[in-house]
Amino acid sequence: MSQHLSEQELLRRQKLAELQQLGINPYPADEFKINVNALDIKENYERDKLNYKDVSIAGRVMSIRDMGKACFAVIQDSTARIQIYIRKDDICPTDDKTLYDVVWKKLTDIGDIIGIEGYVFTTKTGEISIHTTSFKILSKALKPLPIVKTDESGNSFDEVSDPEFRYRQRYVDLIINPQVRDTFKKRTQIVNSIRNTLNNAGLLEVETPILQSIPGGATARPFITHHNALNIPLYLRIANELYLKRLIVGGFDGVYEFAKDFRNEGMDRTHNPEFTVLEFYVAYKDYNWMMKFSEELLEKVVLDLYGKTTVTVGDKEIDFAAPFKRVTMYDAIKEHTGVDISNLDEEGLRKVCKDLNIHVEASMGKGKLIDEIFGAKCEGNYIQPTFITDYPVEMSPLTKKHRTNAGLVERFELMVNGKEIANAYSELNDPIDQRERFEEQLKLQERGDDEAMFIDHDFLRALEYGMPPTAGIGIGIDRLTMMLTNNAAIQEVLFFPQMRPEHKAED
RNA sequence: GAUUCCGUAGCUCAGCAGGUAGAGCAUUACACUUUUAAUGUAAGGGUCCUGGGUUCGAAUCCCAGCGGGAUCACCA
């Protein structure tokens with residue numbers, strides 16, 4: 001089995017051997033003590049110069065400009081890039097010039113990770129740099145790093161833009177494209193901000209099963225796996241709703257989980273087979289409370305991220321300042337189609353869909369038909385954050401019936417930039433009603449709807465012990481992150497999006 | 001799943017009326033002790049995605065496959 005190596009890869013292996021011949025371990029085990037990072041130097045050196053006379057820093061070599069007896073190089077650590085200056089006589093004060101002439105100039109490449117000691121200074125062109133007094137190879141790179149160059153006005157050259165390359169080799173993408181790293185830092189900031197708000201509100205972060213024998217809490221096709229010892233099929237969860245509600249039954253007032261969910265459906269730029277949803281449930285509240293809480297939560301997230309409530313998404317400016325607009329689903333459909341569907345039966349709805357040129361399936365029930373109309377004609381119009389409220393009962397089998405409007409449930413979805421990013425309701429806690437709703441789902445299943453929910457008898461048993469009135473919500477973290485970082489593809493906010501396997505010829 | 005575009009050096013790309021491949025950066029060598037897309041001179045580097053077909057001859061034309069992007073369908 002031989003690996004096909006390019007000229008550059010062969011050369012780097014030769015350099016590796018030469019280092020070893022010189023008695024240098026290219027992958028040393030000992031700790032390299034760091035006392036500063038690149039960002040710290042860049043931000044604080046000018047006003048605190050005395051503090052940067054003896055720095056020790058490590059990073060990856062990103063570029064080298066060789067001036068003969070001196071070199072400029074740029075290294076990158078986790079915080080920033082910084083220029084280093086290496087002069088032959090400074091790192092080789094004696095007659096032995098091997099360290100500079102051989103180890104540095106011949107055997108160190110772009111992509112290698114080095115540790116240096118030195119002092120910070122400003123070059124005559126005004127760039128804060130580190131004057132190196134000693135350097136050490138900490139890890140030799142055997143593959144050449146794609147070089148992205150940027151000129152003074154910020155134009156980049158040879159930027160690696162091939163999505164396949166970037167997603168499959170995200171580690172390279174992260175090294176060479178700083179804006180990618182920034183997106184993922186923002187993702188973590190978003191999650192941290194939400195977590196802080198929920199913790200401050202007294203909610204408890206919990207973990208619930210990913211492997212479930214009945215995949216519940218949503219309508220979607222699941223992944224199926226098998227447990228060998230129990231010899232039973234298990235499903236990867238499509239939602240964690242039913243487990244979080246069991247915990248509300250158990251006496252917690254508020255619980256939340258950032259849950260990886262899995263759905264065995266198509267993939268595109270807004271769908272990955274595994275994705276993250278925040279769900280949280282609060283006892284003794286209703287969906288009106290949840291609207292208020294969630295709009296404040298999102299306003300806070302945006303404020304924490306950008307210090308203001310507005311975000312640029314594509315060519316649009318979106319303002320997350322609370323309160324958000326509230327529109328009922330029937331009003332939304334009336335406004336965008338001119339049709340009042342509030343009193344139509346299934347046949348009537350089918351006719352409306354036909355008139356509006358909306359594709360429907362025979363298996364679709366009343367709720368699904370209304371959802372199709374909303375999706376086709378209304379959804380895209382809500383750019384600024386808007387709560388769409390009061391959904392038909394047929395499409396919300398886990399939601400409490402509306403307190404005043406028959407046929408509706410107390411549910412809202414939050415639409416931003418024409419897309420749904422949250423789904424919430426007053427949770428159905430009437431066990432008799434819940435059982436009937438599950439049975440309705442069973443009928444849909446018999447009509448051929450392969451996404452209809454299964455009956456979860458243990459969940460019904462839990463409700464029969466009594467669940468307090470509860471408000472619950474699910475927020476798509478990937479989609480929220482896409483929006484708040486102005487990315488159009490979910491693959492841009494997942495470190496390792498699902499890809500078809502690379503087939504490798506075995507030789 | 002459907003339609004459509006794409007796959008050439010480590011990276012970004014050119015090459016296509018069919019004649020066994022080019023540029024810039026990167027790499028190698030030399031010069032240069034504050035440069036910054038450093039510069040100058042020279043050199044090396046390719047199963048042109050894979051497999052078939054047409055042809056005297058295919059990176060180029062045709063077919064199939066693999067991978068990716070975009071649009072659509074389903075969904076969060």
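Quick note on labels: first sequence line is chain A, next is B, and so on, each numbered from 1. Just so you know, these numbers come straight off a predicted model, no measurement behind them.
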For the pair made of [atom1] in [X] and [atom2] in [N], what is the distance, rounded to whole Å?
X	N	atom1	atom2	result
A/Glu502	B/U50	CD	P	15 Å
A/Lys105	B/U27	NZ	P	13 Å
A/Gln498	B/G67	CD	P	12 Å
A/Glu164	B/U8	CD	P	10 Å
A/Leu11	B/U27	CG	P	10 Å
A/Glu18	B/U28	CD	P	11 Å
A/Arg12	B/U28	CZ	P	8 Å
A/Ile64	B/U39	CD1	P	15 Å

Using a 4.0 Å heavy-atom cut-off, does [X] contact any base of the nucleic acid, only the sugar-phosphate backbone, or nothing at all?
X	value
A/Phe165	sugar-phosphate
A/Glu127	base
A/Arg168	sugar-phosphate
A/Gln8	base
A/Asp89	base
A/Asn272	base

How about A/Tyr119 and A/Tyr52: are their ring centres within less than 6.0 Å of each other? no

Near-ring test A/Phe387/A/Phe412, centroid separation under 6.0 angstrom: yes

Atom [atom1], compared across [N] and [M]: separation rounded to whole Å:
N	M	atom1	value
B/G44	B/U28	P	16 Å
B/G57	B/U20	C1'	9 Å
B/C30	B/G67	C1'	43 Å
B/A14	B/C6	P	11 Å
B/U71	B/U39	C1'	47 Å
B/C13	B/G1	C1'	33 Å

Phosphate oxygens OP1/OP2 of [N]: is one of them under 4.0 Å from a side-chain N or O of [X]?
X	N	result
A/Arg65	B/U39	no
A/Arg269	B/U71	yes
A/Lys124	B/U35	yes
A/Arg500	B/G67	yes
A/Lys15	B/U27	no

Among [options], the one nearest [X] by side-chain distance:
X	options	value
A/Glu372	B/U33, B/G68, B/C74	B/C74
A/Lys106	B/A37, B/C30, B/U35	B/C30
A/Gln83	B/G69, B/U35, B/C32	B/U35
A/Asp66	B/C32, B/U34, B/A26	B/C32
A/Ile147	B/C25, B/U34, B/U28	B/C25
A/Pro144	B/U34, B/G69, B/G10	B/G10
A/Asp158	B/U27, B/C11, B/U35	B/C11
A/Thr123	B/A26, B/U33, B/U35	B/U35
A/Lys149	B/C25, B/C32, B/G67	B/C25
A/Phe72	B/A26, B/U34, B/U33	B/U34

Test side-chain hydrogen bond (donor to acceptor under 3.5 Å, both in side chains) on A/Glu257 and A/Thr208; report intermediate values, then the result. CA-CA 8 Å; A/Glu257 180 176 16; A/Thr208 63; 2.6 Å; yes

Which nucleotide, if any, forms a Watson-Crick or G-U wobble pair with [N], using both distances under 3.5 Å?
N	answer
B/A37	none
B/A2	B/U71
B/G44	none
B/G57	none
B/A9	none
B/U20	none

Are A/Arg195 and A/Glu205 close enough for a salt bridge, meaning some N to O gap below 4.0 Å? yes

Non-hydrogen atoms of [X] and [Y] that approach each other most closely:
X	Y	value
A/Arg437	A/Ser396	NH1-O, 2.9 Å
A/Met291	A/Thr389	CE-CG2, 3.7 Å
A/Lys69	A/Tyr100	C-OH, 3.1 Å

Side chain proximity check, A/Val416 to A/Phe320, heavy atoms < 4.5 angstrom: yes

For A/Gln491 and A/Arg170, run side-chain hydrogen bond (donor to acceptor under 3.5 Å, both in side chains): C-alpha distance rounded to whole Å, both residues' side-chain angles, the deciding distance at 0.1 Å, then the answer. CA-CA 11 Å; A/Gln491 287 78 16; A/Arg170 182 69 89 184; over 6 Å; no

Heavy-atom donor-acceptor pair, [X] side-chain to [N] base, under 3.5 Å:
X	N	value
A/Glu7	B/U28	no
A/Asp268	B/A73	yes
A/Asp162	B/G68	no

Mind running a 4.0 Å heavy-atom check of residues 410-418 of chain A against RNA chain B and sending the residues that fall below it, in number order? none

Between the side chains of A/Glu492 and A/Tyr167, does any donor sit under 3.5 Å from an acceptor? yes

Pair A/Glu117-A/Ser134, side-chain hydrogen bond (donor to acceptor under 3.5 Å, both in side chains): steps then yes or no: CA-CA 5 Å; A/Glu117 292 173 339; A/Ser134 76; 3.1 Å; yes

Hey, is A/Phe157 stacking on B/A37? Ring centres under 5.5 Å, planes under 30°. yes

Step by step, would you call A/Tyr425 with A/Glu427 a side-chain hydrogen bond (donor to acceptor under 3.5 Å, both in side chains)? CA-CA 6 Å; A/Tyr425 27 91; A/Glu427 301 297 333; 4.8 Å; no

